[in-house]
Number of protein chains: 2
Amino acid sequence: MLMQNAQTLSPTHPAKPADRWSAEQGNGGAPGLDALGVRMAFARNAEIFGEGEPTTYVYKVVSGAARTYKVLDDGRRQISSFYLPGEVFGLEATAAHHCSAEAVTRSVLLVIKRSALVSLAEAEHRVSHMLWALTARELQQVRTHMLVLIRSAQERVACFLLELAERMGVTDQIELPMSRQDIADYLGLTIETISRTLTQLESTGAIAVPTCRRIVLRDRKALKRLHA
Amino acid sequence: MLMQNAQTLSPTHPAKPADRWSAEQGNGGAPGLDALGVRMAFARNAEIFGEGEPTTYVYKVVSGAARTYKVLDDGRRQISSFYLPGEVFGLEATAAHHCSAEAVTRSVLLVIKRSALVSLAEAEHRVSHMLWALTARELQQVRTHMLVLIRSAQERVACFLLELAERMGVTDQIELPMSRQDIADYLGLTIETISRTLTQLESTGAIAVPTCRRIVLRDRKALKRLHA
DNA sequence: CGTTTCTTTGACAAATATCAAGCTAGGTGG
DNA sequence: CCACCTAGCTTGATATTTGTCAAAGAAACG
C-alpha cells in the first residue's frame with residue numbers, strides 16, 4: 001500500500017523543494033487540487049498503487065515522473081501513460097484501480113484524498129465537471145496513443161519524442177526520465193528495436209543522442225514528417 | 001451532419017421494432033437515458049458524427065452496431081471501439097468530438113441531446129456521476145484493448161471473439177456485424193492476416209466458420225488459453 | 001443472373017523479435 | 001581518486017511474424 005512505498009517523507013513533512021518543475025506548471029494541470037493534498041516522495045520504481053487496490057488517493061506529479069501500466073500473464077507489460085510534472089493520474093470513477101502505477105524516477109507527488117474530491121464534487125458542479133474532464137482528457141490521450149501503436153517503429157519513436165518534448169515544454173532537447181525498457185513497453189516494441197531506431201534516427205541527422213538519457217531534436221521537420 | 005446521414009426514419013417516428021436486442025439489454029447500459037432521446041435509423045456505413053464536429057448528441061445503440069475510429073494521414077484507420085445494443089457512445093466532456101463514428105450495419109440508435117444531459121447533471125449528482133462513470137468505463141476498455149494490440153495475431157483474434165461473445169451475451173456462436181476490414185482495423189492487422197488466422201483457428205478446432213459472418217466457438221478453453 | 005464487393009489463399013518481401021555478445025556509464029568500496 | 005562491478009544500452013546474426021501483391025473463389029445486390 002501507499003505507506004510502504006513512500007520514501008523518506010511523511011505526509012506531514014513538506015517535500016524538498018521541487019526540482020525544475022513546479023506543481024503548477026504543465027498542461028494537464030488541475031490548479032484547484034493543490035491545496036487539498038500533501039506532498040510525498042517516491043523512490044525510483046516504487047509502487048504508487050496496484051491494479052485492483054482501492055482508489056483512496058489521486059495523484060499529481062510535482063517533480064519526477066510516473067507510469068501506469070498493465071501486465072499480461074506472460075509478463076509482457078503495456079505502459080498506458082507516462083505522467084510528467086503538473087499532470088494528474090490515478091483518478092477513477094470506480095472503487096478500484098484498473099491499472100498499476102510506479103514512479104519512473106525519484107519523484108515527489110501531491111497526494112489527494114479521493115473522497116475529498118468526490119464530496120466536493122457533490123457540492124460544486126465545477127469540481128464535478130473537472131473530474132469528468134480529467135477522465136475524458138485521458139481517454140482522448142489513450143485513443144491517440146492507440147493510433148501510434150499501429151505505426152512503424154520509426155514513426156512510433158518519432159511520435160514519442162515529439163509528444164514528450166511538447167509535454168515537457170521544450171523544443172530542442174529532451175532529458176528522458178525513463179529507461180529504454182519503459183519506452184519499449186510504452187510503444188509496444190522491444191528495447192533492441194528502440195535502441196536501433198534511435199541510432200537510425202541519429203544517423204539520418206534527425207536527432208542526436210549525446211548520452212543515452214538525453215536526446216537532441218536536431219531536425220524537427222524530419223520527425224514531424226514521420227509523425228504525420 | 002446528423003440529418004444527412006439518418007436514413008428513412010424521422011426523429012418523430014419510432015423506429016421499426018428493434019431486432020434481437022432491446023435498448024435496455026447489454027451491460028454498457030445507462031437506463032435513465034432512454035426517456036430523453038429519440039430513435040433514429042442509420043444505413044450501413046453512414047456517418048454518425050465526424051472528428052471535430054460539435055458534441056451535440058450522445059448515442060445509445062438500440063439495434064445494429066456502431067464503430068468509432070480515427071484515421072492517419074496515409075489512410076490507415078484505427079477503430080477505437082465497437083458499440084453493441086445497449087451501449088452508449090459519443091459522450092465527450094468537451095465541445096468537439098475527438099473521433100468519428102459510423103454505423104457498422106443498418107442500425108437504430110437512441111439519439112439524446114447532450115445539453116439535456118449536461119443541464120440535468122448540474123441539478124443531480126447522480127446524473128453527473130453517471131456521465132463520469134460512462135467515460136471512465138470507456139477509458140478502462142480502451143486501456144484493456146491496448147493490451148490486446150501488443151499481442152500476436154492469434155491472440156488478438158481470440159481475444160476479440162471472446163470479448164464479442166461476452167458483450168453479445170452468447171456463449172457458443174457469434175453473428176459478426178462487422179467486415180474483415182473492420183476487424184483488421186480494430187486489431188491493428190490486415191484483412192489477410194485476419195482471414196488466415198481464422199482459418200488457422202478453424203483448423204485447430206478452436207472455432208468453426210460456417211459462413212464468413214458466423215463464428216462458432218467450438219473450444220472456448222483453447223481460446224481462453226490464447227486470451228491469457 | 002450478371003456484377004460488384006468481400007473473403008480466402010498463395011508466394012514473396014519487409015519489419016520486428018529473439019538470442020547472444022560486447023560496450024558504457026554510474027555507483028561503490030577500497 | 002581509482003578500479004571494479006553491475007545496470008542498462010548497443011550491435012550483430014538469425015528466426016518469425018506479419019504485410020504486400022496478385023489472383024481466384026464466395027457472397028451480396030440489384
Side-chain angles (χ1 to χ4, degrees), chain A residues 43-45 67 72 74-79 102 104-106 148-161 174-204 207-215 226, chain B residues 7 43-45 67 72 74-78 102 104-106 148-161 174-204 207-215 226:
Chain A
R44 198 163 93 95
N45 296 325
R67 57 178 175 251
L72 292 177
D74 62 7
R76 276 177 293 182
R77 178 183 66 158
Q78 174 65 39
I79 292 181
E102 294 171 348
V104 173
T105 60
R106 177 169 179 78
V148 174
L149 292 181
I150 64 169
R151 310 175 68 146
S152 73
Q154 271 214 2
E155 292 172 322
R156 288 187 225 193
V157 172
C159 289
F160 172 71
L161 294 175
I174 302 173
E175 195 71 36
L176 295 176
M178 70 287 286
S179 68
R180 296 289 186 271
Q181 187 63 63
D182 282 338
I183 300 173
D185 290 349
Y186 181 60
L187 298 180
L189 299 166
T190 60
I191 44 172
E192 292 95 333
T193 300
I194 299 294
S195 184
R196 272 188 258 268
T197 305
L198 287 172
T199 305
Q200 207 173 331
L201 287 174
E202 189 170 25
S203 75
T204 64
I207 63 171
V209 191
T211 84
C212 72
R213 290 298 181 108
R214 167 167 301 148
I215 311 268
L226 291 168
Chain B
Q7 310 292 317
R44 198 163 93 96
N45 296 324
R67 57 180 176 249
L72 291 176
D74 64 5
R76 275 176 294 182
R77 176 183 69 157
Q78 174 63 41
E102 294 170 349
V104 173
T105 59
R106 176 169 178 77
V148 174
L149 292 180
I150 63 170
R151 310 175 71 147
S152 73
Q154 270 216 0
E155 291 171 323
R156 289 186 224 193
V157 172
C159 288
F160 171 72
L161 295 175
I174 302 173
E175 194 73 37
L176 294 176
M178 71 285 288
S179 69
R180 296 289 187 270
Q181 187 64 61
D182 282 337
I183 300 173
D185 290 349
Y186 182 61
L187 298 179
L189 298 167
T190 60
I191 43 172
E192 292 94 334
T193 300
I194 299 294
S195 185
R196 272 188 258 269
T197 305
L198 287 173
T199 305
Q200 206 173 331
L201 287 174
E202 190 170 26
S203 76
T204 64
I207 62 172
V209 191
T211 84
C212 72
R213 291 297 181 107
R214 167 167 300 148
I215 311 268
L226 290 168

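Here the structure is a predicted model, which is why all the values come from computation and not from measurement. To find a chain, count down the sequence lines: A is the first, B the second, and so on, and within it residues start at 1. Side chains are part of it too, since the values below use all heavy atoms of this structure and drop only hydrogens, waters and symmetry mates.
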Practice item. Starting at atom CZ of Arg44(B), determine the distance to atom P of dG30(D), rounded to an integer number of angstrom. Key: 10 Å
Practice item. Mind calculating the distance between CZ (Arg76(B)) and C1' (dG19(D)) to the nearest angstrom? Key: 11 Å
**Study point:** Interatomic distance, Ile150(A) CD1 vs dG19(D) P [rounded to whole Å]
**Key:** 11 Å
Point to revise | Qualifying salt bridge (Lys or Arg N to Asp or Glu O under 4.0 Å) pairs with a residue from residues 183-199 of chain B, counting only residues at least two apart or across chains | key: Arg77(B)-Asp185(B)
Check your understanding: In chain order, what residues pass the side-chain contact (heavy atoms from CB on, under 4.5 Å) check against Ile191(B), with sequence neighbours excluded?
Key -> Arg180(B), Gln181(B), Ala184(B)
**Study point:** Length of the CD1-P vector between Ile194(B) and dT17(D), whole Å
**Key:** 16 Å
Revision key, fill the gap. Sequence neighbours excluded, the answer for salt bridge (Lys or Arg N to Asp or Glu O under 4.0 Å) partners of Arg67(B) is Glu102(B), Asp182(B)
Practice item. Could you tell me which non-hydrogen atom of Gln78(B) sits nearest to which non-hydrogen atom of Ile150(A), and how far apart they are? Key: OE1-CG2, 2.8 Å
**Study point:** Separation of Leu198(A) CG from Ile183(A) CD1 (nearest 0.5 Å)
**Key:** 6.5 Å
Please list, for nucleotides 26-28 of chain D, all pairs of protein and nucleotide N/O atoms separated by less than 3.5 Å.
none

Study note, to complete from the structure: Scoring nucleotides 16-23 of chain C by protein non-hydrogen atoms under 4.0 Å (B base, S sugar-phosphate only, - none) yields SSBB----
Point to revise | Whole angstrom value for the distance that separates C1' of dT16(D) from CD of Gln200(B) | key: 13 Å
Practice item. Mind calculating the distance between CD1 (Ile191(B)) and P (dG25(D)) to the nearest angstrom? Key: 18 Å
Practice item. Name every residue in residues 177-187 of chain A that has at least one heavy atom under 4.0 Å from any atom of DNA chain C, in order of residue number, or write none if there are no such residues. Key: none
Check your understanding: Of all heavy-atom pairs between Leu161(B) and Ile174(B), which one has the smallest distance, and what is that distance?
Key -> O-CD1, 3.3 Å
Practice item. State which residues pass side-chain contact (heavy atoms from CB on, under 4.5 Å) with Thr193(B); sequence neighbours excluded, sorted by chain then number. Key: Ala153(B), Leu189(B), Thr190(B), Thr197(B)
**Study point:** Heavy-atom side-chain contact between Leu226(A) and Leu201(A) under 4.5 Å
**Key:** yes
Check your understanding: Can you name the nearest heavy-atom pair linking Tyr186(A) to Leu149(A), along with the distance?
Key -> O-CD2, 3.7 Å
Review point. Arg214(B) has an atom CZ; how far is it from atom P of dT7(C), in whole Å?
Key: 15 Å
Exercise for review: If the glycosidic angle is within 90 degrees of 0 it's syn, otherwise anti, so just tell me which one dA13(C) is.
Suggested key: anti
Review point. To the nearest 10 degrees, what angle separates the axes at the start and end of the helix from dC1(C)-dG30(D) to dC23(C)-dG8(D), five pairs each?
Key: 50°
Point to revise | Results of side-chain contact (heavy atoms from CB on, under 4.5 Å) for Ser152(A) - residues two or more places apart only | key: Gln154(A), Glu155(A)
Practice item. Of all the heavy-atom pairs spanning Arg151(B) and Cys159(B), show the shortest one and how long it is. Key: NH1-SG, 4.1 Å
Point to revise | Protein-nucleotide distance (Leu226(B), atom CG; dT17(D), atom P), rounded to Å | key: 13 Å
Review point. Who passes side-chain contact (heavy atoms from CB on, under 4.5 Å) against Arg44(A), sequence neighbours left out?
Key: Arg213(A)
